[in-house]
Undergrad: 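Structure in structure tokens, see below.
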Amino acid sequence: MDVEKILAAMTLEEKAALCQGLDAWHTVPVERLGVPAVMVSDGPHGLRKEVEEDGKKHTIDAVCYPSAVGTASSFDPALLEEMGRLLGASCQAENVGVLLGPAANIKRSPLCGRNFEYFSEDPCLSSRMAAAHIRGVQAEGVGTSLKHFAANNQETHRMSVSAEISEQALREIYLASFEGAVKAAKPWTMMCSYNKIMGVYSSENPWLLNTVLRDEWGYDGLVMSDWGAVNDHVESVASGLDLEMPRGGDQEDRAIVEAVRSGALDEGALDEAVRHVLKLVERCVENHREGEVFDRDMQHHQARKIARESMVLLKNEGGLLPIRGNRKVAFIGDFARKPRYQGGGSSHINTSRVDSALNAVRSVCAVTYAQGYREEDDLPDEGLQAEAVRVASEADVAVVFAGLPERYESEGYDRTHMRLPEGQNRLIEAIAQAQPNVVVVLHNGSPVEMPWVDRVPGLLEAYLGGEAGGSAVVDLLFGAVSPCGKLAETFPRKLSDTPCSLFFPGDRESVVYSEGVYVGYRYYDKKEMEVLFPFGHGLTYTTFRYSDLRLSADTIAAGGTLKATVQVTNTGSMAAKEIVQFYIRPDHAGKSRPVRELKGFGKIALQPGETGTVEVTLTSRDFCYWDESLHGWFLEPGCYQVEAAASSRDIRLTAPVTAVGQPLPVRVTLDTEMGDILSIPGAREVLDRVDPRMAHFPYDLPLHNVVSWTQAAVTREKLVALAEELNGLQCFEPEA
Ligand code: BGC
């Protein structure tokens with residue numbers, strides 16, 4: 001396809017038509033010019049392709065992989081890339097050009113109904129996992145759509161609410177989660193969010209779509225709307241949105257044509273949108289492989305492997321797990337039989353093959369089983385509970401499968417509390433009284449409160465493990481492999497501990513992100529607050545020793561990088577993988593910042609007794625914060641600690657590094673205080689030249705008051721010139 005030639009040959013009406021979908025899932029073809037339609041389908045953890053047969057719509061049978069909350073816990077980009085390739089191969093077989101996802105929204109509150117689809121509370125982890133997913137799918141010649149850009153962190157009023165966020169929090173947390181993935185993996189498409197940011201809909205926000213995404217981050221792909229996220233189509237096209245999805249109707253085309261004719265819409269902006277659509281079609285056509293087949297059995301097998309890596313062993317007192325030998329095992333709970341393995345909404349995969357743990361365990365050993373509760377009930381069923389207690393007490397080990405029913409969390413609504421159904425909590429308490437060897441396996445898409453946590457020695461967070469999650473749970477419980485995931489989010493003790501508990505989900509008009517950058521562990525660490533399980537926590541069936549943390553340099557300057565390496569030794573008796581996290585901790589007085597921030601991580605497989613090296617590269621940007629006076633990244637000079645850690649609360653080794661560079665420039669205006677002015681290197685000489693008294697005025701005196709304090713010996717005009725001279729002494733160039 002020759003995109004420019006086709007564009008030049010298109011009529012205004014054809015161009016307008018191309019800027020919205022043909023229907024729910026296709027772009028508009030231009031047959032006259034040989035431009036076909038391409039199909040997009042949901043993702044992200046499977047292929048939800050909708051087809052119509054005999055006038056009825058249904059979605060095809062496809063493999064359901066673990067959702068993002070689980071895969072993020074693997075801290076393993078290579079695994080995500082592999083999953084992406086499997087998804088891409090399925091899309092090739094089904095002639096789907098773009099798989100919608102992954103979603104890089106930050107988990108601001110555990111209550112967000114869609115948290116299961118998001119990776120993390122941390123932008124470094126989130127953006128790297130998203131990048132890996134994108135790389136995998138696109139390596140198969142299929143596009144992705146990184147969504148929901150941006151600040152869509154709740155379901156309540158998601159289609160209209162305005163996210164009111166400070167510039168710093170937006171840049172450091174909410175945009176950073178997208179930025180890393182856009183720059184590293186170049187998704188073919190981006191999907192804008194429904195909500196407004198600071199009062200402007202994402203679908204018509206030129207700052208977001210043009211200034212940040214294209215000009216600053218260098219993005220050259222297509223931007224589509226979330227489904228129905230367009231408010232004013234003409235405004236959207238003018239602001240950098242290329243494709244409205246799904247089809248909005250004929251009036252949308254007419255509005256574009258009229259706007260161009262009347263001069264209200266620059267035809268150049270329309271051409272740019274059309275160019276992006278045509279380039280996407282070209283990519284899809286050029287990369288499509290005819291005759292691809294999709295190997296369901298192989299993919300199911302891979303889904304099981306990915307699920308094993310995506311679960312987190314939270315507690316294992318007394319080495320209760322893995323279950324070995326001829327122990328009598330009882331499985332308890334409705335979820336043992338009917339696992340909750342995926343979340344509700346647009347990502348819901350229609351799979352014909354779901355492994356339950358109860359079926360899977362039968363190939364390992366004989367177990368007894370009791371239902372314990374009904375998934376659809378919130379309150380306890382005394383009969384089922386009594387039977388479960390009896391079955392549990394007759395065994396050596398009781399494994400209770402608990403979790404959130406789908407009605408508790410889904411796309412479309414948020415939770416209002418963080419509790420499990422009351423009946424499940426009571427069942428776990430009752431079983432723990434009758435049986436000391438209790439393991440709880442949780443199926444949920446986001447953290448829950450655990451009033452019984454001190455009374456159960458074993459706890460496996462299985463999240464929503466996809467169609468093979470049940471088999472993966474059995475693999476881990478019985479030690480076929482060691483668990484190796486770590487939490488991509490903090491589990492707070494209770495809802496009221498969470499940073500935004502007072503401000504979530506806001507009101508109908510707006511939600512104020514009052515906690516700023518203090519999201520997740522950034523908040524709990526700053527508050528020195530006890531949590532149930534910290535960010536980055538996860539156990540294996542072995543132990544690891546960390547030694548010899550080394551940095552390739554002991555200073556870093558703007559634009560610089562340094563390597564951090566650490567030795568890890570498996571000191572236990574089972575092969576396992578360790579996830580090493582690298583945090584940066586400012587160690588000097590200065591700007592108030594989070595205690596530590598994740599800036600790199602690595603995962604290593606080690607046999608018993610084996611030692612290996614984990615290495616990460618840190619860049620000067622990793623030491624920066626977003627400065628609102630500079631409107632840019634700033635490398636604050638001073639000492640920092642690089643921490644090699646097993647979790648955000650288990651720091652094993654630290655090494656110092658000094659950031660060198662200029663102090664923060666002071667943008668001098670007539671309101672700037674004398675103290676700040678005097679902090680500028682060379683300022684004193686300039687002041688002394690104008691009037692030597694000035695350097696002795698109170699530190700909190702704003703510059704404009706100098707006129708009265710000198711009885712107009714120094715005039716306002718002189719102060720304006722002075723401010724300009726002082727600004728000229730400093731460098732306002734932010735870090736790239
Ligand atoms: C969701 C998107 C999804 C789209 C298409 C929207 O409601 O927010 O994530 O890709 O529908 O199903």
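Every number for a ligand or one of its atoms is a count from 1 in the order of the listing.
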Undergrad: Starting from the C-alpha separation in whole Å, work towards a yes-or-no answer on side-chain contact (heavy atoms from CB on, under 4.5 Å) for V38 and R283.
TA: CA-CA 10 Å; V38 298; R283 270 178 153 168; over 6 Å; no

Undergrad: Can you pull out every side chain to side chain donor-acceptor pair (under 3.5 Å) where at least one residue sits in residues 83-93? Sequence neighbours excluded, please.
TA: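 Only R85-E140, S90-Q299, Q92-H288 qualify under side chain to side chain donor-acceptor pair (under 3.5 Å).
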
Undergrad: Do S236 and E244 have side-chain N/O donor and acceptor atoms under 3.5 Å apart?
TA: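 The answer is no; no qualifying pair exists.
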
Undergrad: Would you say the side-chain atoms of S109 and Q154 include a donor-acceptor pair closer than 3.5 Å?
TA: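 No.
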
Undergrad: So which residues, sorted by chain and number, lie with a heavy atom under 4.0 Å of ligand 1?
TA: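 Its neighbours under 4.0 Å (heavy atoms only) are W25, D42, R48, L100, R114, K147, H148, R158, M191, Y194, D226, W227, S346, E411, given by chain and number.
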
Undergrad: Would R108 pass as a cation-pi partner of F504, given that its NZ or CZ must be under 6.0 Å from the six-membered ring centre and within 45 degrees of the axis?
TA: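 Geometry flag: not set, cation outside 6.0 Å or 45°.
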
Undergrad: Any idea which heavy atoms bring E411 and F116 closest together, and the distance?
TA: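 Result for this residue pair: N-CE2, 4.2 Å.
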
